[in-house]
Structures are given as structure tokens and as C-alpha cells.
Amino acid sequence: MLLAFGNFTADPSVNLQLLIGGLALGAIYAVVALGFVLVYKSTDVLNLAHGEFLMLGAYFALTFLISENLNFFLGVFVLLLVMLVFGLLVHYGIMRRMVGQGFFAIVLITLGIATIIRALLLIFYGPTERGRLDLLPQGSFEIGGATVRHVDIIIFAVVAGCVLLFFLFFKYTRLGLHMRAVADDIEAAAAMGIDPDKVYAMTWAAAMVMAGIGGLLFGHVTGAIDRSIEAIGLRAFPAAVVGGLTSLGGSIVGGLVVGVIEQFANGHLGTKWREPVAFSVMFVVLLVRPTGLWGRKDLERV
Amino acid sequence: MSDAILSFDDVTVQFGGVRACDSISGRVERGSLFALIGPNGAGKTTLVNAISGVYKPLPGAKVQFHPAGEPAEDLLAYRPFQIARLGVARTFQNLGLFMGENVLTNLLLGRYIHEHTRLMQGGLFTRGAVKRELAARQAIERVVDLLDLGAFRRDSVGDLPYGVQKRIEFGRVLAMEPELLMLDEPMAGMSVDEKQDMIRYIYAAQDELNMTVFLIEHDMSVVMSIADHVMVLDFGQKIAEGTPAEMQQDERVIAAYLGTEMAEN
Amino acid sequence: MTATENPPTQQTAQTYRPSTLQRFLPFAIAAVVPFILGSTTGDVNFWWKALITVVVLAVVARLAWKWTPRGELTHREDMRLWRTPSDRSWAALTTFGLLVLPFILASDFTPPMGFPWATWFAVVNLVLIFAMGAAAFNLLVGYSGQISLAHVAFLALGSIVGGIVGVQWSGGNMWLALPAAAVAGAVVGAISGLPALRLKHLYLLLATFGFHFVMMLVWREYLQEYFGFVGIRFKGENSPRIASWLHWLPGIDPDQNGEFVITGQFRWYWVLMPITVLSILFMVNVVRTREGRAFAAVRDRDVSASLLGINVARSKLFAFALSSAIVSMSGVLASFYIGSRGEDSFNVQTVLNYAIIIVVGGFSSIQGAIFGSAFFWFLPEWFKWAREELWFVRDIDFLSDYPSEIDLAIKGFLVVIILMFKPDGLAGMWRDFKNWLGRTLARSNP
Amino acid sequence: MNASGLDLTIEGLTVVYGGVTALDDVKINVPSGGFVTVLGANGAGKTTLVRSITGLLYLHKGRVRRGSIELGGESILGKKSPDIVSAGVAQVPEGRKLFPNLTVKENLLCGAASRSDISGIDDSLEQNLDLFPQLRPLLSQTAGLLSGGEQQMVAVGRALMSQPSLLICDELSLGLAPKIVHRLFELLTEINETRGTSILVIEQNASLALQHAADAYVLELGRVLMEGSAAELRGNPMVQELYLGGGGEAHTSYAAIERPSGGKRWGRKRTGGDS
């Protein structure tokens, strides 16, 4: 089989454009990866429904900000509140019963949740695509022949802010401490009087809020809001793994790295290479350093 | 000294900064009952893990296995499954059984190294495969008989009482027909009656099946009654070795076991 | 020889007395065969019918005689796949059902209330193809514990091999493509399993998912290179056919041009059913012999397994190779049965569909795959029928407005509910039902 | 402001995991301000006992079938572990179970998870550091990197952070040098005497436990085999036999087992034959 290699170009402005596009894409991956990492770190659940959660966020943003035409800040507040409640529902309704079940069963149940969300969104919003969100500044400026959108900068800032916020939260608050304790050893945490149930519920709520923010942001950069945007969940996997599934900061770096690599593969090799290249990078990282670049390794004794 | 079936020299196993086993040497005589004792956390299981290939000892260690009538093998050069095929079988302190499977399946797994049905033959259920399955079944029926497991053949192992599970695991290593049988606390959590039964089974393995037994045990009275040779570990170090009678008199052994003020001085 | 009454020495399930039902069921089934042959396939001549009837009767009589246990079981008898009388009865009923089903479906019978009889045949054939693939998937992830999302990649591999060997080389020779796909599947499967030697759980899942995307790239390249964007046509001039030297077989009635093309649901059924049944039996046999036991051992505790002398790495690769080979074969079958495969035939949703099938059917049990795929394909049909024909459902506009979406939602809810409350799935429910039936019958007929 | 000890009364406790009974009709009483030890070999059900008291059975799919557990006259059976800790039960789990990736200080603070008086937590931290002065320079160390003895001190300190009225120590001596274990037991005695905290020690190291405790129970196969004052049990020949490796009756009964003669059992024809 002949795999055609695309045209490599030496034009620096093209490469710069690819780099900027990659960083923008990477910022989105980082939002999604952050959601994965939050849940995985605290509850040991690999949440394959995160892409759907993000889609849910995007659709809700559409409803509250466009259809209901709420004031921007009020709309965002309502959006995040709804997502938070939804996160609590996911935990208390479903995931609570799955604590202690096999790994694959839990992965599959998140797939079930994903399916339900997709079906419900189809029922209530229909299969037709909606336009993208346009509430954040839409302009762009140029650097060295490459275009930078304002939205990309905002996304960047928001993601960095979220990571910082989470970092401070985990480091300095009591609840954050308890969440880390549960992640370390659930039984010991329970023995100390920390309620793992509550901690898990908070984790799901936080992840869902992250998905709400992600949906809101992604709604501004995607071509159109339709049911295909859940694919972002799968495409962000390499980012989460490369960064290390247990590291919040790692998810940002992983997101950026994978975003840039994807954009370069896209620009120089062709669109079809995007996913294979990203997943190959992930594969190599897995084999060389299974815990990712920043993930921590737990000592295991037989 | 007659011939040794197992000899190990300078075995050191390190986890992080902790030396779970520190330069331990010893030899097990063919046909004897070798007992390894010591308080919890003394490094007994770690030593067995190093011999059976689960842990890699630090360089410098030497573990030799002498199968009957064959040249000695350096066990450190092999991976665990190869060591098992050489004729060294072991049980686990907290059971290495497959809890979801039934007793027959667990015991048949003990025959894995003896019957050689390939994947394809098994899938097509060829005549040869049936014959070998049958042979394996007959072999384990002897174990079922010996250990009185007949009532549980198709019960899921996880649903059976602890004592029976211990017996099944013992049966599984018997089915492997090894030359060297390493038992890691086979009587933990058993009543005195059950312990007596287990001792009878161990005798049977020794006398009728010509196995050499390497026993880790916590219960001093059992060890003192049945062992030919005793080695005592404490904090990863060998503190004494000799006949059971000698061990009972040894001050360091008493100190290690009683954990009293003596150690403080 | 009569059944000797040896009182069981221990409490084992070792001593049987054959039940009346069990003695006569095989004969009853065999007796129906001539009727089926006589009533439906008119193109089989009289002597063939007579011969088949005699052979079937002879075989059934022989097996019934041999399989009727007397007194205590020998180990050989105890080792049988259908060990207990009720096992055997159910197996006989299933065989009977599988033989009779196509004739019933092909008949002119129309059930009342517009029950979707006509669509059933296509659904049954799809169920057979999917059951084969799902069973292999379950063997890998459920039974052997090697988590893989590369499942659909092997369906694609089957299509590629079908395209190269079956279409490009031989112009529609599925019989050549099947073994080729099995070999290719085994080799590529073992390669895709290499990460399993180092990775577990989550990381293995992601690594195999990466393999999925690589395979999709290969698939698109292959399509583009040789077939353009439309896809590969496996039907029409590329339909599989029966070689002319086999045309003497009963039930094979060549078309005018002297060819016997496998087309139409009835003919496909007789191709798919045996292949599916045989491959599932193959997997069941693997599971109950040496290497299959090793799969389970490696799944539960790999350290303990390796100390039993099991080469854990080899065992894992075997599991991957076996599963992938069978999935690839089902990929070939699906390609030829469905008739064309294009760019989007193997998307991520298909991976999810197979996951739904094995969860609903029953995780880690091979027969669960059959229940699961039956459920997966029949649910939309029945749901459609209920929407159109049942008066109390018909009136709910909501349901008729969003049929496929509600279908999807039902599947999602079922996955969640089954995982939460009944992890054994439909296969577990079926087992419970059989046990209940057995107990009830035993009570009523001491 | 230290809470005085509460008494713990366990009556007829029967616990099962799946179909396996781990505890059978266990009756144990820790008087207010008392120091009680429960002895037993591996698999005797000691850890199950701890789990039942602290409400953690559910994590291991265990279930209390019968019996009652009362703390200070109030039933704590079936309560969730946070409520049990709030009620005054703290534990040092078997194998220490520190949070390996958290610092020593964070580990200690986790022990105060059930407390609502935020201001009091710092005082408790200080008190604990006075008790274990060795820990003071280690406060910002990652707990997983400490030595075994230091880890055990953190574990005890962590348990004390909730200001318990009952402190349960599971296998305190596991894998520690006798000197350190000795020191830990002295600290327990001190806590018991100065703060009036009731203490329940689960141990394999019988001699040491019997030295410090007032009352003792011996658990075997899920049942209470013996109970009495520690002094009584220390003199009991059977206890010596079981835990101190003496030469009592059981010894002779093992030695008296005859070796089988002439391959009678192995190789006998199978039972399920087709004759």
C-alpha cells in the first residue's frame, strides 16, 4: 500500500500558522483532558462519556445564551449550575453503585451514559446542526503572517485559570485535601471519617462544570454545534495520556503537545493522518512511560 | 550432608530502601521437610518469591535447583513459568486460587504443565485432546480423593470456606507433581483438627509422592513437631538455623518471637 | 442394559437417571426432519429425502443411545459439553429450532396484527454474523480479561482481506477469503496484543483504541487506492457462489446459467448458521480445555498463573489471535452478506454497538453474545412494530417522532441498568430461568 | 477539652463475606477508659472485627448478619464510617495505610476530617507533635518515603487528630522493630492514662500486648476462644502454647500424627467410576 506523503513546506508562515492552530486546538484538548483527569484521579473511573458531557454543555449553552437570550454572565452561571446538578445526578444515580466493580464494567457504564445523552440530545435538539456560539469577541489579529483569533486567547486564559484554580483548591482547601486522600487510598480515607461518597459526588460535579466550560468554549470554535462534537472526547485521549492521567498540569501540556502534533500532521500529511499520528504518539508514550510524562507512579508490591 | 535439592546463596531483595531479605543462604535436603519461620514481616514470603522467580534478587545471589538425575539449574536465569516447569511449585499465603472458577478447573490448571493440548486441538476437541483431558481429569481425581474434595467438584471456589480453599490450593500444587513443594503458611487460619489433617496431607506428599517440602509456617508448635530442619528469619535476616530442638533453645529465636525487652538491650 | 441404581457416595452431581423427556426428545426431533424436507424443499428428489431421513434417524439413535447416561458418570461423560439431562434437552431443542427456523421464515405464513415477520429473516442472519463477532469479542475482553477496543479494526481487516482475496483475486470467492481472513486476523491480532504484555486496564484500552485508528487509516487508504470513495462491492458479480462440482448436493439447484449464487436470506442462512455455530462451539471448546483455562487463570491472577507454569505472555497473545481471527472471519461474512463496505462502515459507534451487545447479553459468557446480538437487532424491529401496530403505543406521538433516537436511548438505559443491577445480563437471566424451571419441574414430577 | 473514653460493647456479632462466616457470635467489651487487646493468628477474624466496628465492611462486600455494636450506649452498627468517626472511634489501620502521596502534615490533617471545630485542629496538631517530636522536622515530607516506624507514628497521630474516645490499633507491630513497637505501646498506655481514651489493640504479638493491656480476648476462627485479664491470660498455658511457641498439648498431638504407610490413599481407584 502506498501511503502518500503530503507536501512538506519550508514556508515559515505556514508552519507558524500550524503552530498557532495547534495551540488553539491543544487548549480545547486541555479543557477536555482536564475533565478526564479530574474524574480519573479521584475516582479511578475512565469516563468515556466526557465528550458527551461536553456536547451537553455546548447544547445547554445554546439554549441558555441564544434561545433564552439570558445575560451572558447569568447564562453562564445557569449553565454551570445545571451541569453541576447533572454531575451530582450521575454520581448519586449511577456511579455510586459501581464503586468496587470491575474496571471494564465501569468503562462500559460510562459508554451507556454516553449513549443515553446522545439519544436525548437528538430527541430534544434534533439532528440538524446549530450555528456556532458568537458571544465571545470574534475578531482576530496577525503575527508574522499567521492569524490568531481572539477566542483562542480567551480559551487559553480560561484553561490556565481553571488549572490554577484547581491547583489552589487541591492544595489549600480542606475538601481538596480530602479529595486527594480519597484518591490515594479510599479505605484509609473512609477510616479517617472522610465520606468517599461525598468526595466522588463533588468530583463528578466539578468534572461536569469543566465540561460545561469546555462546551461553552468549544461552541465558539467548532464549525457548528451538532452531534459530531462528542468526538472531541475521544480525540482528547492522547492529550490526557501524554500529559499523564493523574496530573492536572500535565493535561495542559499534553493537550498543547498533541494539538500541535495533530495540526502539523494535518497540514503536512493530510487530514486522515490526524488521528493515527496522535494515537501513535500516545502509543509510544504508553510504552515508554505508561504513566505519561507527568503522571506519578505508584509503588506496587506483589 | 546428603544431596541438596535446593541451595540458595546471598539472596537479597530490596524494595525502595527496605531490605526485605538480606543476604540469606541455605540448602534444602532432598526428601526433607524444611521449615522457614519468623514473625510477620520477617521476609519469609519474600524469600520464597525470590526463589520462585516472582521477585528478582540483587545481583550476587545464587539459587540452584537440582532435579533428580539431572544437572543442576540456576533458577535466577528462568522466568516464573519456566521454574514451575522445572518442578518447583508453590502456594500463596493469601491464596492464589481463581475464585470465580470451580474446583475442577482450579485443579486442572495444576495439570497445565503435564498435558499438552494445543489451542487448535482444544477448539476442535480432537481425539487426542479428549484423551489428554481425560488423563488430566484422572490425575486430579486422585488429588480430590486424597484431600476429600469430592463434595465440591463443581462449586465455585470463592463460595467455599477458607479451610477448604486452602486444601484446594494444596491440591493444585500436588497435581503439578513437583519435586520441590513450597508451602506458604498452608495452615494459617485453621483449627487444630484442620491443621492435623494438613500435616497428614503433607506427609503423604513427602512419602508417597517423593516431594521435598519447603514450609513457611507461623505456628511454632507445628513446625517444632514436623520439621527436619528449621531456618529462622527476622527483619530480613537469618538469625538461626538448625534442628527444631535447637531452635527452641536459641535465645535469639525466643527474642524474635516474643519481641520482648531482650531485643532492646 | 438398564440404569443401575448406585447410591451416590458423596454429594456430587455425578449420578444420573435419564428422564423420559430426555430419552424421547431426540427421536421426536428426528421424526420431524422428513416432514420438513418433504414439505418445503421440493427440488430435492425422493431418494435424497429418503437417504437423509435414514441417516438422520440413524445418527440420532446412535447418539441418543450413547449419550444416555446410566448410573454413575464416567469422567468422559462428566466432561461433556451438555452434561446434565436438562443441558441436553435444551441443546436438542436449540438444534431443532435452528434447523426449522429458516423453513418457517421462508413460508407464506403471515402473523396477525402485522407482526414484522418478513423482516425477521434479515434480522436473524445479521444476528448470526454479529453473534459470532461478539462471542469472539467476549472471549477476549470478558473471558480472557484483555481489554480491547480494536474490535472493529478487525472487522475492517476482514473486509480488506475479503476485498483483496475474495474480490480482487478471485472475483467473489468467499471460501478463499474466510481462511485468509482467519490467518491475517490471527497474525495482526497477535501484533495488536503486544501492548498487553506491558499494559493493563486503562492503558491497554487506550493502546488498542490507537490501533483502531491506525487500522481505519489503512482501510481508507486501501479503499482509495483500489476502489475509489464509493466502497467495495461484494454483491452482484462478486457474490459468493458454490463451486460447480458441489452442485450434486441436496438442496442445491443451480440457476439457469449453471451457477449457484448465495443470495437471498434463505441461502445465506444455511451459510451463516453453520459457520456461526461451529465457531462458537470452537470457542466453547477452547474455553473448557487447557489453553482456555489458562486464559481465565491469566485474567484472574497473572502471578499465580505463571507459577503454575503458564507462559502469561504467550497466553495473552493467543487470546488476542484467536479472537481477532474469528472477528476477521465475521468481517468477511458481514461484507459479503451486506454487499458493500465503504468509508464509514467502521466508525466508533460500531465499537460501542458491540460493547452494548456483550453487556446486554452477559459479560464474560460466550452464549451471552448470542442473546445480546439477538436483542440488539430485534429491539428496533419490535419497537417499530409496536409503534405502528399497537394501539396504545401508536397514539404516543413522541415515540413515532423519534423512533431511532428512542431506540438508542433504550439501549443506553439498558446497558446502565444491566450493569448496575444484573451484571450477568440476559445470559444470566436465562440461566436463572432454566434453574427455576428445573426446580419447578422437579417439584411437580418427583 | 479531651473527650473522655467511651465504652464499647459488642454482643453476638456475626459477620459474613459472601457465604463465608468470618466472625461468629463474638462478644467483646471495652470498658470506658480501658485498655483491651484482642489476640489471634492470621485469618482469625481480627481485621474483620475492626472493619465491623468502623463501618468499613461494605468496602469488602462483608455483611453483619447478627449482633450489636454499641459505643457509650448508642448503637453504631450500620452507621456510615464518617458518623462512626464523629461518634468518637478512630483507628490505626493494619499496614498503616497512610496516604503515600500526601505530606505528613496533610496526612495528620486528614485525621481531623470529621471535626467541625476548625480552630481546634491546629491545637490537636500541636499536641500530637508534642507526643511525637520526631515528626516535627518531617512535616512537609511525602509520607510514602518515611521509614516504617515513622509511618506508624504518623498513623497513630493521624488517628488521634479526631480526638477519639476509642482508639483502635490494628496490628501495630507488623513489620516494625521491637524497640519501636515497645515505644508505641508505651505511648498508647500514656494516652490511655492521661487522656482517658479507651484503647482496643488487635495484635499477633501477644506478649507485648498482654504486657500493656488490662483485659484480653483470644480470637480463633472467628470465635472468642478465651477472655480474661491480661495477667490471667499471660499465665495461661494454652496462650503460651499458641503464641509463645511453648510445648503444650497441641504440640504433642501434632508430633503424634503417624506418617501414612505404603501409598494407601494416593492412587486409589477413583470414586466416580463407570463400573
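Chain identifiers are assigned alphabetically (A, B, ...) following the order of the sequence lines, protein sequences preceding nucleic acid strands; residue numbering begins at 1 within each chain.
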Neighbour count >12 (heavy atoms, 6.0 Å) for atom CZ, D:R136 = yes

What distance do A:I194 atom CD1 and D:F99 atom CZ have between them, rounded to the nearest 0.5 Å?
-> 5.0 Å

Could you check which of A:E187, A:H178, A:K198 has the highest count of heavy-atom pairs closer than 4.5 Å to chain D?
-> A:E187

Contact leader toward chain A among D:M161, D:K61, D:H60, where contacts are heavy-atom pairs under 4.5 Å = D:H60

Count the heavy-atom pairs under 4.5 Å between each of D:Q91, D:R158, D:K80 and chain A, then report the option with the highest count.
-> D:R158

Residue by residue, scan residues 168-177 of chain A and write down, ordered by number, those that have a heavy-atom distance under 4.5 Å to chain D; if none do, write 'none'.
-> A:K171, A:R174, A:L177

Looking only at heavy atoms, what is the nearest atom pair of D:C110 and A:A181, with distance?
-> SG-CB, 3.5 Å

Part of D:L56 within contact of chain A (heavy atom distance under 4.5 Å) = side chain

Can you tell me how far CD1 of A:I186 sits from NZ of D:K97, rounded to the nearest 0.5 angstrom?
-> 10.0 Å

Qualifying salt bridge (Lys or Arg N to Asp or Glu O under 4.0 Å) pairs with a residue from residues 87-105 of chain A, counting only residues at least two apart or across chains | A:R96-A:D197

Quick one: pull up CG in A:D195 and OG in D:S114 and give me the separation to the nearest 0.5 Å.
-> 11.5 Å

Could you tell me whether a side-chain N or O of D:S81 sits under 3.5 Å from a main-chain N or O of A:A190, the two making a donor and an acceptor?
-> yes

Check the surroundings of atom CZ in A:F77: do more than 12 heavy atoms from other residues, nucleotides or ligands lie under 6.0 Å from it?
-> no

Could you tell me whether A:M202 atom CE has more than 12 heavy atoms of other residues or ligands within 6.0 Å of it?
-> no

Which answer fits D:I84, side chain, backbone, both or neither, if we ask what part of it has an atom under 4.5 Å from a heavy atom of chain A?
-> neither

Which pair of non-hydrogen atoms, one from A:G193 and one from D:P82, has the smallest distance, and what is that distance?
-> O-CB, 3.5 Å

Which atoms of D:I168 come close to chain A, meaning under 4.5 Å heavy atom to heavy atom: side chain ones, backbone ones, both, or neither?
-> neither

Would you check if A:R180 and D:N101 make a side-chain contact, meaning some heavy-atom pair closer than 4.5 Å?
-> no

